[in-house]
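Read the structure below first, then the notes.
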Amino acid sequence: KPRCVRCAVDLDSGRDDGAFHCAQCIKQPPLFNYCVTATSFNPLTGKLINQLKHQGKLSATVPIATNMIEAIKTHYAHNASNIDLVIPVPLHINRLRKRGFNQANEIAKPICKALGLTLNFNLCERQLNNPPQQQSALAARHKNLRGAFIIKPEVKAEIKGKHIAIIDDVVTTGATANAVAKTLLDAGATCCDIWCFSRTPRKH
């Protein structure tokens with residue numbers, strides 16, 4: 001299916017009001033440059049993500065990362081060298097302790113290895129333990145994420161002037177991706193792209 005070139009939502013679900021952009025991105029463009037996704041959310045992708053996040057099956061990262069690598073190569077014409085740094089969407093420390101790992105970081109490891117990119121999972125932190133986003137409506141998602149992410153002053157120099165890719169498993173509304181991108185841009189990053197395994201179609 002054709003996708004919005006900015007947020008990667010299926011254009012038939014995002015109500016295409018332009019040649020290549022969905023209506024929402026035309027009305028209110030996100031802070032990130034591009035969202036690169038491997039798939040649209042469906043029962044199979046949902047099963048893989050559930051196995052990874054809630055069943056602790058790290059083997060699920062193999063098909064997830066493999067498909068993401070292909071999507072990333074296609075998007076950047078087989079050359080992602082303009083990406084200076086890769087950051088996984090951080091989990092709050094309480095959720096990290098409960099789960100035992102950050103699924104975004106586990107997905108990012110093989111991707112960075114395959115593409116020869118630098119991964120840093122300590123630059124961005126989640127300071128608010130918000131409710132799971134899938135349980136929230138769109139307006140609540142944005143409200144939940146205000147001030148959720150921080151960059152410590154001592155590491156801002158590692159972000160300044162960098163083109164950063166942010167990795168997550170699923171992008172639903174883009175609220176989380178936008179919040180992380182805002183935090184990085186405010187800290188001096190030049191631009192941010194979002195890389196995800198699955199993009200959820202927008203509800204009409």
Side-chain angles (χ1 to χ4, degrees), residues 6-9 24-25 28-37 41 49 52-54 61 64-65 68 72 80 83-109 111-112 117-200:
R6 192 71 179 267
C7 76
V9 75
Q24 184 168 308
C25 284
Q28 188 174 3
L31 294 175
F32 53 84
N33 277 13
Y34 302 105
C35 176
V36 180
T37 185
F41 192 85
I49 292 165
L52 175 59
K53 290 173 68 171
H54 304 297
T61 60
I64 290 173
M68 287 181 66
I72 293 163
I83 299 296
D84 299 306
L85 191 62
V86 177
I87 293 178
V89 171
L91 288 179
H92 187 271
I93 187 64
N94 291 347
R95 199 170 298 175
L96 182 61
R97 287 170 178 164
K98 182 178 180 180
R99 186 171 296 168
F101 62 93
N102 179 352
Q103 74 280 357
N105 191 49
E106 296 303 317
I107 293 169
K109 289 176 185 177
I111 292 174
C112 289
L117 299 173
T118 301
L119 171 65
N120 193 315
F121 54 88
N122 291 319
L123 292 181
C124 185
E125 296 183 6
R126 188 163 193 153
Q127 65 175 350
L128 299 181
N129 192 16
N130 313 96
Q133 284 294 83
Q134 61 265 31
Q135 298 174 10
S136 306
L138 178 58
R141 287 173 185 258
H142 288 283
K143 185 177 179 180
N144 285 346
L145 290 163
R146 289 174 189 165
F149 302 99
I150 60 169
I151 305 293
K152 291 184 178 180
E154 60 267 26
V155 299
K156 283 188 176 181
E158 298 181 51
I159 293 171
K160 190 174 181 179
K162 300 292 178 63
H163 185 170
I164 300 176
I166 303 163
I167 287 189
D168 206 357
D169 52 352
V170 181
V171 169
T172 304
T173 64
T176 298
N178 220 42
V180 177
K182 183 180 188 306
T183 302
L184 294 170
L185 292 168
D186 287 347
T190 302
C191 57
C192 298
D193 295 346
I194 310 300
W195 297 348
C196 68
F197 173 56
S198 192
R199 180 68 166 96
T200 302

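Below, each value reflects all heavy atoms present in this structure, side chains not excepted, and no hydrogens, waters or symmetry copies.
With a 4.5 Å cut-off on side-chain heavy atoms, Leu31 and Leu185 count as touching. By the 4.5 Å heavy-atom criterion applied to side chains, Asn102 and Arg95 are not counted as neighbours. Put simply, the side chain of Asn178 reaches to within 4.5 Å of the side chain of Phe32, judged on heavy atoms. Looking at heavy atoms from C-beta onward, Leu85 lies in side-chain contact with Asn120 at the 4.5 angstrom threshold. Within the 4.5 Å cutoff, no side-chain heavy atoms of Val36 are placed close to those of Asp193. In this structure the side chain of Trp195 reaches within 4.5 angstrom of the side chain of Ile111, judged on heavy atoms. Side-chain atoms of Ile72 and Ile83, non-hydrogen and from C-beta on, never get closer than 4.5 Å to each other. Pro88 is listed as a side-chain neighbour of Leu119, based on a closest heavy-atom distance under 4.5 Å.
Closest of all the heavy-atom pairs between Ala8 and Cys35 is CB-O, 3.3 Å.
One distance of note links CD of Glu125 with CD1 of Ile150; it measures 5.0 Å at 0.5 Å rounding. Atom CZ of Arg99 is separated from atom CG of Leu52 by 8.0 Å, given to the nearest 0.5 angstrom.
Counting heavy atoms of neighbouring residues, nucleotides and ligands inside a 6.0 Å radius, atom CD of Glu154 exceeds 12 of them.
Residues that satisfy the ring-ring contact (aromatic ring centres under 6.0 Å, His included) test with Tyr34, not counting sequence neighbours, are His75.
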